[in-house]
> 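Before I ask anything, here is the structure I am working with.
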Amino acid sequence: MDRALYQSRIRNFSIIAHVDHGKSTLADRLIETTHTVESRNMKAQLLDMLELERERGITIKLVPVRMTYTANDGESYILNLIDTPGHVDFNYEVSRSLAACEGAVLVVDAAQGVEAQTVANAYLAVEQNLDLIPVFNKIDLPSAQPERIAREIEDVIGLDASNAVLASAKDGTGIDEVLERIVTDIRPPSGDPNAPLSALIFDSVYDNYKGVISYVRVVDGEIKPHKEISFMATGDIHEIEEVGVFTPAMQPVESLGPGEVGYIVAGIKSLKDAGVGDTITDARNPAPAPLPGYRRVKPVVFCGYYPIEREEINALRDALEKLQINDSAITFEPESSAALGFGFRCGFLGLLHMEIAKERLYREFGVELVATAPNVIYQVKLTDGSVIEAHRPSDFPSDPTRQEEVLEPFIRVTLFLPDGYVGSCIQLCQEKRGTYASMDYITPERVRLTYDLPLAEFILDFHDRLKSTTRGYASLDYEHTGYRVSDLVKVDILIQEEPVDAFSFICHRDSAYHRGHAVTTKLKELIPRQLFEVPIQAAIGKKVIVRVNVKALRKDVLAKCYGGDITRKRKLLEKQKEGKKRMKQVGRVAIPQEAFMAFMDVSGEDG
Amino acid sequence: MRYHRRHSWPLWMYREKMDKVTSLYLHVPFCESKCPYCAFSSAEKSGRDEEVYLDSIALEMALRAPDAGTLDTLYIGGGTPSVLSRDAWRAVIELLEKFFTLSSSAEVTVEANPSSLKHEHLELWRNWRVNRLSLGVQSFDDARLAFLGRIHSSHQAVKAVELSLSSGFSVSLDLMFGLPSNTPGIHEELREWAGTLRSAIELRPHHISVYQLTIEPDTPFDRLYSDSPLMSDGYVPYRYAQWFLPRLGYEQYEVASFALPGHESRHNLNYWSDDGYIGIGPSAWGCVNEVRYKNTPRLVDYAAILASGGDPITSTERLEGERVARQAAVLALRTRSGINWEKFQARYGKIFAKAIKNDLKFIPNDLISSDGFNTRLTKKGLRLGNAVWASII
């Protein structure tokens with residue numbers, strides 16, 4: 001087929017939706033309807049592929065699927081579905097997937113209506129100048145209200161939803177119409193097959209046999225085996241070994257032309273050398289400029305990752321390196337903790353991102369780790385005029401009088417909720433040191449509430465608290481709004497007069513007593529009685545604000561020990577000694593690992 | 001049985017008494033009724049059990065006798081040795097006489113329960129070499145005795161102690177504290193325990209052992225009271241015993257043992273000084289030439305193995321040098337004399353002695369005392385023995 005004709009039959013699209021609005025079900029239906037994967041094999045085949053790929057050590061993420069669809073005009077079209085993650089933490093991944101598309105299907109739950117991420121994702125698509133097809137899903141539900149939803153989309157987002165597809169991914173209603181609209185409403189990719197090659201890397205994974213596999217979207221030119229390509233950001237040159245498409249399993253093809261989505265293998269040994277967002281071009285005939293890069297996102301939430309077994313520090317570093325290239329938003333640098341030994345301070349886009357990274361490190365690299373409580377970066381202005389970027393409590397000056405003022409990152413949180421929960425949500429935001437910004441009624445029953453909140457309070461337990469406050473009926477989105485001055489203090493925890501860095505925390509002066517009390521009380525529960533009384537104090541600088549005591553052990557003896565007891569008693573003592581060895585010795589006090597673990601729980605001690 | 005001495009281990013040659021074992025423990029695996037807290041191997045005897053038992057221990061004695069020297073201590077425990085019939089006792093004595101030699105000053109102890117102690121037993125024992133009785137009194141409070149499933153009354157207990165004393169034995173009482181209470185409160189627990197101790201010393205026994213009720217796995221009490229909030233930590237009664245008994249002349253010479261001067265249990269001291277002992281009977285433990293062994297627990301298996309010419313040992317353990325030394329240090333610290341460093345060093349070597357001394361430096365000094373020759377636990381240290389031992393084991 002003629003290249004230009006072929007190109008006009010390609011449609012590259014994403015599906016964007018708020019969580020639980022039916023994105024995955026719709027995707028499955030499209031795959032099934034286009035017979036990309038036979039329906040009876042569908043689950044099994046897709047799962048098999050995951051298993052296989054897992055075994056081979058590569059990561060499943062943003063798997064693109066190439067579908068063939070015969071439209072009403074009788075022509076056959078190639079539909080490339082590029083998956084996007086649905087969580088607010090991963091807006092950057094959404095944007096990099098969207099950059100590879102010309103259009104997007106915006107799925108909205110016909111009963112629930114517009115939610116916080118519906119707005120955020122729709123705007124990301126608008127920002128990328130994508131053609132948008134609104135789809136009202138779950139139209140089969142008795143509570144579906146397509147007219148109301150259409151009005152909401154027009155009012156809240158500003159999109160015309162009058163021609164939205166009414167669909168039910170569950171019973172198959174409207175699926176054909178969605179496919180047809182993808183063909184008619186989304187423009188074919190532009191791009192010149194004769195121009196110098198430029199292709200966007202929108203994801204990279206590592207395969208034990210093939211090395212780095214980069215997922216690419218060709219914009220101009222053609223990419224095929226034996227071609228020498230260069231990465232425009234790094235200048236590295238590699239020879240293409242294999243190109244292919246996703247069916248969804250990887251299938252080699254002769255070449256990829258403009259508008260096509262596929263993968264390349266080019267003997268790249270390290271994921272570092274195939275940075276996501278980089279542009280690939282012809283090494284001999286390079287494009288004049290790289291494609292617009294992604295909005296580079298900076299991590300905002302930080303925590304320490306420490307291997308459970310201290311010897312595994314190198315394995316953790318390797319795993320983080322691999323993960324980082326696969327998930328370019330992660331940052332890490334070595335750090336050490338008196339309590340946990342050597343580890344890494346890692347930066348993430350949000351709490352979910354942090355948890356997923358931890359889970360992936362375990363699942364994909366077999367690294368078990370403990371994560372310290374998440375925190376943000378503070379800016380500490382000192383009395384001498386200098387400014388410290390404080391990543392952790394220990395970066396704060398030990399003498400609080402040297403501290404002129406402290407700035408902390410703020411976010412603007414947008415909440416969508418039924419009006420019955422407005423009161424309790426406002427209360428929650430106030431409690432979290434929030435500042436009211438605005439409130440408006442989208443419909444008589446639904447409210448959009450915006451608040452400015454310190455990020456540190458948000459990452460502590462805001463999600464969980466919001467969920468329980470609104471029984472899960474609220475949705476949220478947020479954006480970063482920069483640093484502001486706050487009356488923050490560093491609270492040290494002293495055990496037997498010795499400060500233990502792992503337990504220090506930063507909080508607002510007004511809640512220092514409350515949180516100091518919570519931490520010391522928790523520690524009192526977790527530190528076993530010792531042979532002497534152990535004071536646990538919370539202090540700001542030299543000023544002690546809370547003190548509790550772990551009483552001394554008063555009796556611990558096995559009453560009798562005769563001939564038949566000697567071996568058993570020795571084993572018990574050896575076990576006891578082994579247990580104590582695993583504890584961290586701070587001065588004369590043995591602190592069990594659980595005590596440190598308790599403060600690494602992301603829900604925090606108030607949770 | 002052959003014990004292989006480890007000639008490669010250079011320390012053994014320093015040991016003072018290596019060759020022949022001078023302590024013997026004989027286990028009698030029968031009880032009148034099984035107490036709900038007890039994890040010892042025992043059962044109510046039935047049918048030909050006594051006969052089978054006697055035939056079997058005869059075979060085991062023949063097996064072990066070559067390891068024995070002149071016995072300095074002999075301890076017949078159980079179970080409840082006093083449930084053996086008079087004839088059975090005659091047979092036991094005959095066997096012991098046949099296979100072993102007792103020194104002229106040997107300490108010979110028999111365990112007995114107030115409910116099964118009979119005049120005829122006392123007479124028989126007295127006329128042989130038995131000079132010490134250990135009576136399982138547990139409590140002088142009838143409600144407590146019933147709770148523990150003991151089949152004697154406090155009155156019977158008093159009678160049994162009086163009878164034993166008047167028969168001229170050195171008498172030891174076992175008393176138990178830390179019982180679960182439905183009326184929690186230190187006052188009540190202390191009042192009852194003080195009453196039991198007072199009743200005990202009014203009888204002027206020579207020796208008192210105080211035990212905390214421990215919940216052993218797979219006992220009826222395990223199902224009832226493990227993790228129960230009704231269980232006492234035992235601190236109050238134990239501390240009271242430490243205060244009360246020495247005032248009346250009973251010195252605490254070991255964690256659980258109080259005695260009038262000269263009435264310390266030599267047999268038990270032998271355990272705590274890490275010296276060897278021969279164990280005979282089903283489930284008995286022994287320790288010969290650094291090898292600790294345990295006999296198979298059930299009488300039927302024990303009898304069958306011996307009858308077929310086998311050795312009833314089910315498991316053995318031989319520790320390497322440092323662990324032997326550390327175990328010995330823990331055992332020594334149970335006792336009032338503690339660790340004598342000169343002897344300890346001679347027996348286990350300088351290096352291990354130094355390592356243990358070093359570990360002991362981290363123990364707060366109100367728990368251990370040292371006079372340069374010996375290191376021992378203080379009264380407070382004895383209450384916290386576990387924590388101290390765990391740091392040197």
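Because only heavy atoms are used, hydrogens play no part in the values below, and waters and symmetry mates are left out as well, while side chains stay in. Throughout, protein chains are lettered first and strands after them, A, B, ... in sequence-line order, and every chain is numbered starting at 1.
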> If I measure from the heavy atoms of chain B, does A:R570 come under 4.5 Å with its side chain, its backbone, both, or neither?
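Contact with chain B involves both backbone and side-chain atoms of A:R570.
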
> Between A:K571 and B:E317, is there a side-chain heavy-atom distance shorter than 4.5 Å?
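Yes, their side chains come closer than 4.5 Å.
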
> If we define contacts as heavy-atom pairs under 4.5 Å, which of A:K575, A:R588, A:K577 has the most with chain B?
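If we count pairs closer than 4.5 Å to chain B, A:K577 comes out on top.
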
> Rounded at 0.5 Å granularity, tell me how far OG1 in A:T567 sits from OH in B:Y293.
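A:T567 OG1 to B:Y293 OH: 12.5 Å, rounded to 0.5 Å.
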
> How far apart are the closest heavy atoms of B:F177 and A:K555, and which atoms are they?
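Taking every non-hydrogen atom into account, CE1-CE, 4.3 Å.
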
> Mind checking the CG-NZ spacing from B:L331 to A:K569? Nearest 0.5 Å is all I need.
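Rounded to the nearest 0.5 Å, the CG-NZ separation comes out at 11.0 Å.
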
> Go through B:Y235, B:Y75, B:W285 and name the one with the most non-hydrogen pairs under 4.5 angstrom from chain A.
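Ranked by heavy-atom pairs under 4.5 Å with chain A, first place is B:Y235.
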
> To the closest 0.5 Å, what do you measure between OH (B:Y25) and OH (A:Y562)?
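So the OH of B:Y25 and the OH of A:Y562 are separated by 11.0 Å.
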
> side-chain contact (heavy atoms from CB on, under 4.5 Å) for A:K560 and B:S209? Distances and angles first, verdict last.
CA-CA 9 Å; A:K560 60 185 164 130; B:S209 296; over 6 Å; no

> Would a 4.5 Å heavy-atom cut-off, applied to side chains only, mark B:V236 and A:R554 as touching?
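Touching, per the 4.5 Å side-chain cut-off.
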
> Could you go through residues 380-391 of chain B and list every donor-acceptor pair under 3.5 Å that involves a side-chain atom there, pairing it with any protein atom two or more places apart or in another chain?
residue : atom : partner : partner atom : Å
B:K380  : NZ   : B:D366  : OD2          : 2.8
B:R383  : NH1  : B:Q242  : OE1          : 2.8
B:N386  : ND2  : A:D556  : OD1          : 2.9
B:S391  : OG   : B:V388  : O            : 2.6

> How would you list, by chain and number, every residue that makes a ring pair (Phe, Tyr, Trp, His ring centres under 6.0 Å) with A:Y305, sequence neighbours excluded?
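Result, ring pair (Phe, Tyr, Trp, His ring centres under 6.0 Å) vs A:Y305: A:F348.
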
> Contact part of B:F362 toward chain A, heavy-atom cut-off under 4.5 Å: side chain, backbone, both or neither?
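Looking at B:F362, nothing touches chain A.
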
> Which residues satisfy the ring pair (Phe, Tyr, Trp, His ring centres under 6.0 Å) test with B:Y277, sequence neighbours excluded?
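B:Y271.
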
> Taking heavy atoms only and a threshold strictly under 4.5 Å, list by residue number the residues of residues 528-549 of chain A that touch chain B; give 'none' if the list is empty.
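Expected list: A:L531, A:F532.
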
